[in-house]
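First up is the structure itself, then whatever we jot down about it.
Counting begins at 1 with the first residue of the sequence.
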Amino acid sequence: MPLLLTRRAFTLAAALAPALATRGFAEEAAPAGPPATAPAAGSPAFHHGLSLMGQPKYPAGFAYFDYVNPAAPKGGPLRLAEDGGFDSLNFVIPRGSLASGLSLIYDTLMVPAFDEVASEYGLIAEGVSYPADFSSVTYRLRAGAKWHDGTPITPDDVVWSFEALVANNPNQKFYYSHVVKAQQTGAREVTFTFDQAGNRELPQIVGQFMVLPKHWWTGVGADGKPRDITQGTLEPPLGSGAYRIKSVTPGRTIVYERVADYWGKDLNVNVGKDNFSEIRYEYFRDDTVMLEAFKADQYDFRIESSAKNWATAYDFPARRDGRVILEMFENRASGVMQAFIPNLRRAKFQDRRVRRALNYALDFEGMNHALFFDQYKRISSYFSGTELASSGLPQGRELEILNPLKGKVPQEVFTAAYANPVSGDENARRANLRDATQLLKAAGYEVKNRKLVDAKGEPFTIEILIASPAFERVAVFYKPALERLGITVSIRLVDSSQYINRVRARDFDMIVSGWGQSLSPGNEQRDYFGSDAASREGSRNYGGITDPAVDVLIDKVIYATDRADLVAATHALDRVLLWNEYVIPAWTLNYTRTARWDRFSHPANLPAYSFAFPDIWWFDAEKAAKIGSIK
């Protein structure tokens with residue numbers, strides 16, 4: 001259940017490992033805990049928080065989260081960098097390039113706790129209630145919640161925001177497809193009604209979208225024309241969050257300033273957070289230039305996604321004398337599948353044997369040593385790094401789930417543990433290519449005049465579409481092995497906007513991308529791997545998987561009755577996805593590599609499931625004085 005379009009969606013993950021909200025699953029039928037307000041006789045009980053793992057950790061009326069510094073100083077700037085550019089400040093529509101940090105200006109009904117797997121607590125909402133069958137959810141808004149212009153946040157704003165989101169964003173329409181109605185049901189209450197019972201995560205995920213001011217979006221803009229939620233805009237929108245937009249230079253810079261009279265600054269969920277007076281995003285067109293700008297103290301903090309850079313690029317004076325700190329943070333909150341993803345909508349990739357042959361051609365061990373300084377591990381699960389990753393042979397509840405699908409899934413699901421081919425030396429590489437050749441031959445291909453052709457004599461070609469020069473060298477390393485099989489390979493490097501448009505339109509042979517996975521997957525799996533998402537432009541079913549057995553297993557995950565059932569269903573889904581060879585798994589590192597100028601501090605004990613930058617960090621004036629003034 002990733003938090004989609006939610007508050008403070010500042011992602012610190014590498015481009016192919018998206019940031020995720022953590023979530024989990026309850027053993028009980030409904031969340032427990034004291035109500036936010038004492039209900040009248042016959043009225044529903046409103047709770048201050050929700051958890052999919054039983055009771056929320058924090059009781060009603062808690063002072064602040066354990067992992068924050070409630071006395072964190074306020075002030076100081078934070079300078080961040082992004083690559084590419086932006087041309088829109090409207091997150092609702094899926095067109096254009098959205099400016100980073102927009103979630104800073106908006107609030108949501110609920111917010112997660114970073115030290116729990118699956119709990120959320122009220123922000124705009126002071127209380128939440130839903131029936132035992134999970135067929136609806138009601139949120140009660142705080143009386144003091146308001147927009148930056150002083151106008152109260154109303155149930156009408158919530159309903160309008162939700163309707164605008166699902167009407168204009170196909171991905172969100174799909175994600176919230178089980179919500180059949182949002183309506184005001186009280187002076188400060190909003191009820192979402194579902195088309196089904198038993199989907200345990202629905203009450204929680206509808207509290208996660210960013211609420212918009214209806215009166216602003218349906219009003220007149222600075223140009224005197226009516227605003228249009230269906231179009232991109234560079235007019236700074238009205239928000240309700242801890243920050244507002246201070247200035248915008250289209251495509252280059254966006255600056256946010258903390259709102260001194262922010263309505264929610266004293267709420268327990270916000271104590272110790274939002275400590276910077278200003279957050280600035282600078283955009284760079286080139287990765288190398290962006291790295292050099294960091295070294296020159298042009299911005300403060302970066303995620304290093306390149307193993308080569310991590311190993312070789314930080315030997316400069318500020319790093320050696322301690323003014324720049326390199327630190328790795330363990331990822332305990334999510335798993336990932338990063339992969340070369342062939343477009344199954346194209347006939348040449350529809351045979352499972354062909355896709356397995358492409359896996360045999362990938363010399364990961366050689367690539368890891370030559371390009372990555374042996375920093376990575378090969379991925380062998382769609383839920384890599386979590387207890388949800390399948391292993392061994394299916395048994396127990398997992399086998400019960402899989403048995404009805406015999407004959408509809410690869411036989412290996414029941415007889416062998418999935419494993420990627422292993423290379424590492426020349427003998428192994430040759431053996432893998434021989435196996436790949438045999439698979440391609442069995443799939444109806446043969447080599448003529450050193451070119452792999454099908455029965456009609458058409459050559460087998462692959463264009464690898466990439467948007468980052470960092471992945472160009474990866475594709476270049478992969479290319480010779482594919483060419484030894486007779487495949488004609490081209491590598492197409494395009495800018496980020498072209499890449500996004502081509503992926504949305506499914507105009508590619510192969511891309512390098514992936515999916516982040518939370519600790520308890522749910523409805524988002526339909527968008528990742530479900531048949532209905534395969535033909536929907538903009539979905540995250542990049543490869544175009546259309547498999548009835550996968551659809552059945554996704555439903556088993558969504559409607560699992562308890563944690564053990566969820567784990568078993570996820571193992572089964574993982575195993576079937578792997579043995580269908582839908583992707584050529586790549587590699588991962590279970591840590592986030594970071595570099596920062598030493599001007600910041602954080603609480604002594606960071607939360608278990610996030611290093612929470614910049615949410616709970618602060619500008620440390622004493623450290624900053626030792627480094628010198630910001631350039």
Side-chain angles (χ1 to χ4, degrees), residues 15-17 335-346 348-368 370-372 376-384 389-390 410 412 418-424 428-429 431-440 443 445 452 460-466 468 471-492 503 506 508-515 517 528-529 540-545 547 550 574-588:
L16 299 176
V336 65
M337 168 56 84
Q338 177 178 288
F340 291 89
I341 303 176
N343 190 348
L344 307 180
R345 303 168 187 86
R346 301 192 170 175
K348 59 190 171 185
F349 297 122
Q350 290 175 2
D351 193 307
R352 183 167 69 104
R353 294 167 294 189
V354 169
R355 302 192 296 269
R356 182 64 177 182
L358 299 178
N359 197 345
Y360 272 110
L362 181 65
D363 176 17
F364 165 71
E365 286 73 20
M367 186 181 293
N368 193 33
L371 301 184
F372 306 142
Y376 292 126
K377 293 182 178 179
R378 187 89 192 266
I379 291 173
S380 58
S381 168
Y382 282 76
F383 303 86
S384 177
S390 59
E412 294 94 332
Y418 182 86
N420 291 301
V422 176
S423 55
R429 283 189 284 272
N432 285 344
L433 290 177
R434 284 195 298 270
D435 288 340
T437 299
Q438 292 301 313
L439 286 168
L440 291 169
Y445 290 90
L452 187 70
F460 194 112
T461 64
I462 298 177
E463 180 187 82
I464 303 176
L465 181 68
I466 55 176
S468 168
F471 278 95
E472 186 171 19
R473 64 195 188 107
V474 172
V476 167
F477 192 99
Y478 190 18
K479 180 179 178 180
L482 294 172
E483 290 177 332
R484 289 176 67 181
L485 296 174
I487 298 172
T488 301
V489 181
S490 60
I491 300 167
R492 178 67 60 89
V503 172
R506 312 312 188 200
F508 64 89
D509 280 341
M510 180 180 285
I511 59 173
V512 185
S513 191
W515 304 269
Q517 295 285 3
Y528 292 175
F529 314 119
R540 287 169 292 177
N541 188 342
Y542 306 118
I545 298 170
D547 186 333
V550 170
D574 184 38
R575 200 181 299 274
V576 169
L577 290 171
L578 288 168
W579 275 115
N580 273 295
E581 309 283 354
Y582 289 130
V583 301
I584 297 89
W587 46 86
T588 189

I'd like to know whether Asn580 forms a side chain to side chain contact (heavy atoms under 4.5 Å, CB included) with Ile545, so could you lay out the CA-CA distance, the side-chain angles of the two residues, the decisive distance to 0.1 Å, and finally the verdict.
CA-CA 10 Å; Asn580 273 295; Ile545 298 170; over 6 Å; no
Side chain to side chain contact (heavy atoms under 4.5 Å, CB included) between Met337 and Leu577: does it pass, once the steps are laid out?
CA-CA 11 Å; Met337 168 56 84; Leu577 290 171; over 6 Å; no
Candidate pair Leu440 and Tyr360, rule side chain to side chain contact (heavy atoms under 4.5 Å, CB included), full reasoning:
CA-CA 11 Å; Leu440 291 169; Tyr360 272 110; over 6 Å; no
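Looking at Pro410 and Tyr418, their side chains never come closer than 4.5 Å, going by heavy atoms from C-beta outward. Counting only heavy atoms from C-beta outward, the side chains of Tyr445 and Val354 approach each other to under 4.5 Å. In this structure the side chain of Asp509 never reaches within 4.5 angstrom of the side chain of Asn343, judged on heavy atoms. Between Tyr582 and Phe349, every side-chain heavy-atom pair lies at or beyond the 4.5 Å cut-off. Residues Val474 and Val512 have side chains not in contact (no heavy-atom distance under 4.5 Å, counting atoms from C-beta outward). Between Asp363 and Phe477 the shortest side-chain heavy-atom distance falls below 4.5 Å. Residues Leu362 and Phe340 form a side-chain contact, since some pair of their non-hydrogen atoms from C-beta on lies under 4.5 Å apart. Using a 4.5 Å heavy-atom threshold, the side chains of Leu578 and Ser390 count as touching.
Smallest separation of non-hydrogen atoms from Asn359 and Pro585: ND2-CD, 3.7 Å. What you find for Val422 and Ala428 is that their closest heavy atoms are O-CB, 3.9 Å. Heavy-atom minimum distance, Leu485 versus Ala357: CD1-O, 4.4 Å. In plain terms, the two heavy atoms of Arg353 and Ala443 that are nearest each other are NH2-CA, 3.8 Å.
Salt-bridge formation is detected for the pair Glu412/Arg352: a Lys NZ or Arg NE/NH1/NH2 atom is positioned less than 4.0 Å from an Asp or Glu carboxylate oxygen.
Expressed to the nearest 0.5 Å, how far CZ of Arg356 lies from CH2 of Trp579 amounts to 6.0 Å. Here NZ of Lys348 is found 11.5 Å from CD of Gln350. Values are rounded to the nearest 0.5 Å. Interatomic distance, CD1 of Ile466 versus CD1 of Ile511, reported as 12.0 Å (0.5 Å rounding). Note: Arg506 CZ to Leu344 CG = 11.0 Å, rounded to the nearest 0.5 Å. Interatomic distance, Leu439 CG to Arg355 CZ, rounded to the nearest 0.5 Å: 12.0 Å. Once rounded to the nearest 0.5 Å, the distance linking CD1 of Ile379 with CD of Gln338 reads 6.0 Å.
In this structure, the ring of Phe529 has its center less than 6.0 angstrom from the ring center of Tyr382.
Listed for the Arg346 side chain is a donor-acceptor partner under 3.5 Å among the backbone atoms of Phe508. With Glu463 contributing its side chain and Ser490 its backbone, the two residues share no donor-acceptor pair below 3.5 Å.
Using bins of under 30°, 30° to 60° and over 60° for the plane-to-plane angle, the ring pair Tyr528/Trp515 lands in the tilted bin.
The number of heavy-atom neighbours closer than 6.0 Å to CZ of Arg378, taken from other residues, nucleotides and ligands shown, is above 12.
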